[in-house]
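Structure first, commentary second.
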There are 2 protein chains.
Amino acid sequence: MRNSNARAESEVVMLREICNVCARCEIRSLAICAALQENEVAALESIMTSRELAPEETLLHEGDKRRRVYSLTSGMLRLSTILFDGRRQITGFLMPGDYLGLADEEVYTTNVEAVAPSVLCSFSVQDMDNLMQRFPKLKERLYLFTRAALRQARDDQIMLGRLAPVEKLASFLLLLSARAKSHQQPDNPVPLPMSRSDIADYLGLTIETVSRSFTKLRTQGLIRLEDAHLVEILDRRALAAVAGIERH
Amino acid sequence: MRNSNARAESEVVMLREICNVCARCEIRSLAICAALQENEVAALESIMTSRELAPEETLLHEGDKRRRVYSLTSGMLRLSTILFDGRRQITGFLMPGDYLGLADEEVYTTNVEAVAPSVLCSFSVQDMDNLMQRFPKLKERLYLFTRAALRQARDDQIMLGRLAPVEKLASFLLLLSARAKSHQQPDNPVPLPMSRSDIADYLGLTIETVSRSFTKLRTQGLIRLEDAHLVEILDRRALAAVAGIERH
DNA sequence: CGGTCCTTTGATACAACTCAACGTATGTGG
DNA sequence: CCACATACGTTGAGTTGTATCAAAGGACCG
């Protein structure tokens with residue numbers, strides 16, 4: 001019994017070395033994993049399981065007990081909250097390298113759903129807590145992510161509270177472009193995996209107003225819509241001016 | 001020379017023991033200080049200086065280098081961002097026990113001004129970093145504060161993006177009431193130290209619409225305005241219903 | 001090829017903004 | 001001490017812009 005266990009374990013180790021998922025992970029430098037050295041990543045990998053999501057599939061419900069945390073490796077997720085009468089606010093889109101569960105304590109405070117087919121690394125909260133105790137750098141990086149998320153949420157407050165529809169859309173497109181770039185992807189034809197409805201619920205608008213805002217930017221020559229889900233930025237400077245960037 | 005230094009230092013220690021500001025601090029259990037034991041607080045106090053602000057006085061400018069961090073002990077502050085054309089968004093109000101500089105990295109990302117006469121504990125970033133290294137619980141508590149701030153910012157996103165003016169105001173009043181309560185203050189006649197203009201810039205409205213929303217809540221019998229800066233909540237349940245609380 | 005879903009465009013309604021006036025409180029100088 | 005000025009809040013009238021309602025154009029799939 002003991003022998004067979006030991007053999008099984010060593011086989012697992014071998015398989016890991018062959019597969020070593022993390023070592024071949026393309027977005028490792030972006031995610032929390034970057035906090036760990038080459039030889040330390042194995043510890044993370046040993047508590048990790050993989051999870052795939054189809055578009056529109058739900059990962060987490062607001063109010064559910066927070067048992068697992070995640071790191072997105074590919075695809076796109078959305079964080080959303082639904083009001084009692086069906087109104088929805090999307091509080092953010094997650095891209096590869098982003099971490100899930102930054103804000104939550106005992107329970108999840110938002111719904112999380114896939115916008116595009118997505119792959120995640122999944123960890124039990126307890127395992128991750130242990131690992132963070134062992135590698136303080138991991139916790140440090142998570143804290144860094146949390147501060148960045150807070151800055152982004154505050155930028156969103158400005159956008160939601162004080163920008164006009166076209167300004168909202170312009171700043172949204174620039175945000176997506178900037179994040180694509182920071183994720184080592186081309187920043188110009190910007191892919192929009194989410195629906196107009198998702199964009200509307202992020203910007204605090206209706207789908208019709210979003211659509212009209214796209215049209216305005218297009219007729220002004222600032223963007224080109226290859227199709228509804230791929231935007232080419234033609235005049236970045238003018239788009240930034242519309243977005244009301246350059247504060248004060 | 002050495003002797004006189006030593007004597008001066010011991011005198012400072014004695015004075016501290018006599019004054020021991022932190023020991024008598026009323027909001028200590030709320031602020032980051034609560035992370036430390038009785039006997040550890042002296043370390044915090046030794047790197048602390050006090051700072052007072054008159055109403056409308058500016059503490060920090062967006063973009064300035066982040067050299068100091070603060071803990072608010074009394075009064076109220078506002079976090080704000082100004083757009084190039086003068087539009088303003090207030091991203092939060094700070095109450096006693098709240099910490100300043102949760103989101104910032106190299107530079108401050110918001111302006112900070114006093115709404116009411118305020119007193120703060122001020123620390124150099126470097127001193128605080130050292131202290132956090134010495135007392136990990138301090139950093140832990142700061143991280144906790146940051147997660148709470150992120151949850152609040154996301155609640156604000158919902159409010160800004162999807163609530164109607166009266167709903168916004170109702171949820172604002174309930175927020176203030178809840179925070180007053182959590183700060184061991186009476187939660188019913190809610191004091192509003194800030195101006196209508198501040199409220200408008202927090203809720204993403206104009207002052208006129210804020211004023212009309214107050215009137216609506218008043219004529220519906222949900223609140224009573226003793227004066228413009230003191231609100232009595234008459235029907236908390238109905239106010240919560242208007243606020244669109246009870247998500248989903 | 002017909003059906004569904006998503007996006008865009010058009011017409012209309014209404015709510016929040018803008019502009020304006022009035023009321024109230026506070027403070028200052030004659 | 002009162003008259004006046006200033007700042008702030010409330011209320012009213014009119015305008016504008018976004019939401020709503022409606023329909024048509026495309027893309028995708030069975």
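Hydrogens, waters and symmetry mates are skipped; everything else that's a heavy atom, side chains included, is used. First the proteins, then the strands, lettered A, B, ... as listed; each starts at 1.
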Heavy atoms from C-beta onward define the side chain here; which of [options] lies closest to that of [X]?
X        : options                : result
B/Glu208 : C/dC19, C/dT8, D/dT18  : C/dC19
B/Thr215 : D/dT11, D/dT10, C/dC17 : D/dT11
A/His229 : C/dA20, C/dC17, C/dT7  : C/dT7
B/Ser195 : C/dT7, D/dC21, D/dG9   : D/dG9
A/Ala164 : D/dT10, C/dT18, D/dT18 : D/dT18
A/Thr206 : C/dT9, D/dT20, D/dG9   : D/dT20
A/Leu205 : D/dT11, C/dG10, D/dA19 : D/dA19
A/Ala228 : D/dT11, D/dC21, C/dT8  : C/dT8

Write down the distance between [atom1] ([X]) and [atom2] ([N]), rounded to a whole number of angstrom.
X        : N      : atom1 : atom2 : value
A/Lys216 : D/dT18 : NZ    : C1'   : 9 Å
B/Leu230 : C/dT24 : CG    : P     : 19 Å
B/Leu169 : D/dT10 : CG    : P     : 10 Å
B/Asp227 : D/dG9  : CG    : P     : 10 Å
B/Glu167 : C/dA16 : CD    : P     : 9 Å
B/Leu203 : C/dA15 : CG    : P     : 19 Å
A/Met194 : C/dC6  : CE    : C1'   : 15 Å
A/Phe214 : C/dT8  : CZ    : P     : 7 Å

*asked:* Against the six-membered ring of B/Phe214, is B/Arg196 placed for a cation-pi contact (under 6.0 Å from the centre, within 45° of the normal)?
replied: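 Judged by the rule, B/Arg196 and B/Phe214 form a cation-pi pair.
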
*Check whether any side-chain N or O of B/Thr209 sits under 4.0 Å from OP1 or OP2 of C/dA16, and answer yes or no.*
no

_Can you tell me if B/Arg196 touches the phosphate of D/dA7, counting only side-chain N or O atoms and a distance under 4.0 Å to OP1 or OP2?_
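For B/Arg196, the contact criterion (side-chain N or O under 4.0 Å from OP1 or OP2 of D/dA7) is not met.
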
*Check the side chains of B/Arg88 and B/Ser80 for a donor-acceptor pair under 3.5 angstrom, ignoring hydrogens and angles.*
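B/Ser80 vs B/Arg88: no donor-acceptor pair found between side chains.
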
*Would a distance-only check, ignoring hydrogens and angles, find a side-chain to backbone donor-acceptor pair under 3.5 Å from A/Thr81 to A/Thr110?*
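Not at all, since once roles are kept as given, no pair shorter than 3.5 Å links the two residues.
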
*asked:* Less than 4.0 angstrom from a charged side-chain N to a carboxylate O is my criterion; do B/Arg162 and A/Asp201 meet it?
replied: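 Salt bridge present between B/Arg162 and A/Asp201.
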
*Is the closest basic N to carboxylate O distance between B/Glu232 and B/Arg218 below 4.0 Å?*
no

*Do B/Arg212 and D/dG12 have a side chain to base donor-acceptor pair shorter than 3.5 Å?*
yes

